[in-house]
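Down below is the structure, laid out as structure tokens.
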Amino acid sequence: MQFSPEILIVLGPLFAAAIAGLLQRYIGDRVAMALTTGSIGISLLLSWPIFASFVWGEGHERVIELFRFIDVVGFTSTWSIRIDTMSAIMLVVVNTVSFLVHLYSWGYMAEDPHKARFFSYLSFFTFAMLALVTANDFLQLFFGWEGVGVASYLLIGFWYQKRTANDAAIKAFITNRVGDFGFALGVMAIFYFLGTIQFFPTEVGQSALFAGAVDGVNVPGLLHELEGKRLIIGTTYFDAIELCAILLFIGAMGKSAQFFLHVWLPDAMEGPTPVSALIHAATMVTAGVFMVCRLGELYHMAPLASGFVTIIGATTALFAATVGLAQNDIKRVVAYSTCSQLGYMFFAAGVGAYNAAMFHLFTHAFFKALLFLGAGSVIHGLHHEQDMRYMGGVRKPMMITWAMMTIGTLALIGFGIPGLGGFAGFYSKDAIIEAAYGSHGIGAQFAFWCGVSAALLTSFYSWRLAFMTFEGKYRGNPNAHHDDHGHGDAHAHDDHHGHDAHAKPADGSAPAHESPWVMLIPLFVLAAGAIAAGAVFAPYFLGEHAEDFWHHVVPLAHGEGHHDFPAWVIWAPLTVTVTGFIFAVIFYLWQTGVPKAMAKGPVWAFLYNKWYFDELYDFIFVKGARALGDLFWKVGDKRLIDGLGPDGVAASSNFFSRHLRRLQTGFVYHYSFIMLIAAVAFGAYAILAGIGGGR
């Protein structure tokens, strides 16, 4: 093995995390922060040339084998670094967002007493995701898959003194274990049917799932051997392709917070805001989308599984958008927008537009990180306030943050004019909606209408957030910081910029202050991506250069140009986006009493309580598990097993001994009397026995 930049990209953050976390007492916080931030910066600088080589150069696919991980008879796994279009995209996404989050955290976590631990966790999180996206087999992918789960647990529960943070961390961990069980079964099924878990061959004659060229020789993949194979259990059989694809997608449902397994994502807001940006924009939640697109050839062969992906993704997109309408915590609104946008990515993959799904993942990373870090700037400027009902009037004292979040909002809603262009989300979101309309796959038309409806709701709740936060008059109590309304960042740090948090400006603006430049610079970089990433890279992800860019890494959906669709389909996203903006203006700038009246109704309560999923799961699983445990414990164990077993024997012995003890009085005449009775009884028995014998 020779040293290469790719090795430093992946392993650098791991070593930095270990040093920062284990040697903090010797090197101090600032060195730990500089080491971790610097390692991610180096990974970023080395990642962009790799990505650029696939976009503008002649990037070639390659696998760098580091060491043999497992080598048992019939089962081999090698720790490798796979570089191709897919991994190059993810290297840029992960390292760009992670570096900016590290930099932002220098200001955001300035007063936290555990900065070294925080930065160590961030770097480990980054390493786990890098290991995942560069994996060349399922075992390494699963290692990174579980690594991001562990890191998210540590970061969501970073402020472990808070009960809500601990509960949220446990909830995320357990929910993901449900999905990971299905994922593990899917990996086992792949190995059972094909005898390998390796994605691409690294030498001639080697077995791998996908075809690849090795030293100029084309090595065929084994994936097509799944066709016609079945798993038979009793009288029931399962198609091998569909079974493997569905089981693997269940893992993606948990990791990427899709419908039914989405409940952990909003509670992840209990962690510091930089964590939310990293989770939602570049690492954990994008892992599921990456995995499905990496296995695009498998899903291309499995129409039922692809239909399942489509329906779940479309349902998630619409469901999360409805819930986002009624949330008051600024971070939770952005969190539900993530859940909804992930739904777009999945139903794009479900209808076969894997390149559009990856493009939306790419553009989404910029504007979602921008929105989360912008929300963190607002929280910082308002002295840890997170409830939008206690905001307002923030635009004037925080003009830079307002401008950056406005750019993020325009990118999120996908604002743009067909034929002219727009923000980053316009190119990827519209491509997904059009791909759904043009697909004949299972659930495609359902996904199209869910996508259009979700675009309407996304526009409305995004502008609702902007108006409630930045416009109007300040609605908070200038003599209180309202930490009780917040959910995650109350412990970040105290205001230390010399501003008087208790002085309410006379013009009705908020008693806020702009964030330090170390927090604002990442916003400028992300804003540039939110503006330009779509226009610059659309020809490579979707357009005329797509064939050369993707190098057949994913099956491409053809005929995505506007000329293939009716005009109303092309203009529908812009129409609903403008409609959502108009309704937000009416309700939150002109007729502000209407939302207050609506908030008292049952529909609002239903949406505010997230369709009561938490209550339903608590009743079925939490209370149900407790009731089942009580049944086995109190009835099965205590009453039956212990009652008829040791406890029953002991009770019987105690009962008889208690009554026999009454005979042991200690008086001689009692014993004499008993002996007399016994002698009479034996004598009577002898006489009767003798009489009977005489007969």
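If you're wondering where the values come from, they're calculated on a predicted model, not measured in any experiment.
The line from OG1 of Thr286 to NE2 of His364 is 9.5 Å long, rounded to the nearest 0.5 Å. For the atom pair CD1 (Ile42) and OG (Ser47), the distance works out to 11.5 Å, reported to the nearest 0.5 Å. To the nearest 0.5 Å, atom CE of residue Met284 and atom CE of residue Met129 are 10.0 Å apart. Here Ser80 contributes atom OG and Phe67 contributes atom CZ; the two are 9.0 Å apart, rounded to the nearest 0.5 Å. Atom CE of Met109 and atom CZ of Phe118 lie 4.5 Å apart (nearest 0.5 Å). Distance check: Ile197 CD1 to Ile190 CD1 gives 10.5 Å after rounding to the nearest 0.5 Å.
Separation of the Tyr108 and Tyr104 ring centroids falls under the 6.0 Å cut-off. In this structure, the ring of Phe183 has its center less than 6.0 angstrom from the ring center of Phe142. The six-membered or imidazole ring of Trp79 lies near that of Phe143, with a centre-to-centre distance under 6.0 Å. A centroid separation of 6.0 Å or more is found between the aromatic rings of Trp550 and Phe54. Proximity of the aromatic rings of Phe362 and Tyr540 is defined here by a centroid distance below 6.0 angstrom, and this criterion is not met. Note: Phe537 and Phe549 fail the aromatic proximity criterion, with ring centroids not under 6.0 Å apart.
With contacts defined as side-chain heavy-atom distances shorter than 4.5 Å, the pair Cys293/Met345 does not qualify. The shortest side-chain heavy-atom distance between Tyr354 and Val553 does not fall under the 4.5 Å cut-off. Counting heavy atoms from C-beta outward, His60 and His551 have side chains that stay 4.5 Å or more apart.
Side-chain atoms of Thr134 never come within 3.5 Å of backbone atoms of Ile81 as a donor-acceptor pair (strictly under, hydrogens ignored). Using modelled atom types, one side-chain atom of Thr406 and one backbone atom of Trp402 make a donor-acceptor pair closer than 3.5 Å. Using modelled atom types, one side-chain atom of Lys429 and one backbone atom of Ile413 make a donor-acceptor pair closer than 3.5 Å. Gln140 places a side-chain N or O within 3.5 Å of a backbone atom of Ala131 that can act as its donor or acceptor partner. At distances below 3.5 Å, at least one donor-acceptor pair connects side-chain atoms of Ser306 with backbone N or O atoms of Ala302. Judged by distance alone, the side chain of Trp145 and the main-chain N or O of Phe138 form no donor-acceptor pair under 3.5 Å. Using modelled atom types, one side-chain atom of Thr283 and one backbone atom of Leu278 make a donor-acceptor pair closer than 3.5 Å. Tyr299 places no side-chain N or O within 3.5 Å of a backbone atom of Gly350 that could act as its donor or acceptor partner. At distances below 3.5 Å, at least one donor-acceptor pair connects side-chain atoms of Lys331 with backbone N or O atoms of Met269. At distances below 3.5 Å, not a single donor-acceptor pair connects side-chain atoms of Ser439 with backbone N or O atoms of Ala435.
Partners of Thr316 under the side-chain hydrogen bond (donor to acceptor under 3.5 Å, both in side chains) rule, at least two apart in sequence or in another chain, are Gln258. Residues passing the side-chain contact (heavy atoms from CB on, under 4.5 Å) test with Leu298, sequence neighbours excluded: Leu223, Leu226, Ile241, Ala245, Leu248, Leu295. Every residue two or more places apart in sequence or in another chain that forms a side-chain hydrogen bond (donor to acceptor under 3.5 Å, both in side chains) with Glu6 is listed here: Ser4, Arg62. The side-chain hydrogen bond (donor to acceptor under 3.5 Å, both in side chains) check on Thr78 picks up Arg68, with sequence neighbours excluded. Every residue meeting the salt bridge (charged side-chain N to carboxylate O under 4.0 Å, His left out) condition with Glu146, not counting sequence neighbours, appears here in chain and number order: Arg177. Under the rule for a side-chain contact (heavy atoms from CB on, under 4.5 Å), the partners of Val217 that lie at least two apart in sequence or sit in another chain are Val204. Scored by the side-chain contact (heavy atoms from CB on, under 4.5 Å) test, Ser43 finds Ile9, Pro13, Asn95 as partners (sequence neighbours excluded). When the side-chain contact (heavy atoms from CB on, under 4.5 Å) test is applied to Ser207, the partners found at least two apart in sequence or on another chain are Thr196, Leu222. Under the side-chain hydrogen bond (donor to acceptor under 3.5 Å, both in side chains) criterion, His360 pairs with Gln341, Ser428, not counting sequence neighbours.
Other residues, nucleotides and ligands contribute over 12 non-hydrogen atoms within 6.0 Å of the CD atom of Glu544.
Heavy-atom minimum distance, Thr202 versus Gln198: N-NE2, 3.9 Å. Taking all atoms of both residues into account, the shortest heavy-atom contact from Ala317 to Ser340 is O-OG, 2.7 Å.
Taking the six-membered ring where the residue is Trp, Tyr344 and Phe347 present tilted rings, their angle falling between 30° and 60°. Between Phe415 and Phe423, the ring planes lie tilted relative to each other; the angle falls in the 30° to 60° range.
For the residue pair Ser337 / Lys368, a side-chain donor-acceptor distance below 3.5 Å is found, with atom types taken as modelled.
A cation-pi arrangement is not found for Arg82 relative to Phe199, the charged atom failing to lie both closer than 6.0 Å to the ring centre and inside a 45° cone about the ring normal.
Sorted by first and then second residue, the pairs that involve residues 286-299 and meet salt bridge (charged side-chain N to carboxylate O under 4.0 Å, His left out), not counting sequence neighbours, are Asp84-Arg294. Note on residues 133-144: no pairs pass salt bridge (charged side-chain N to carboxylate O under 4.0 Å, His left out), not counting sequence neighbours. Counting only residues at least two apart or on different chains, no side-chain hydrogen bond (donor to acceptor under 3.5 Å, both in side chains) pair has a member in residues 517-527.
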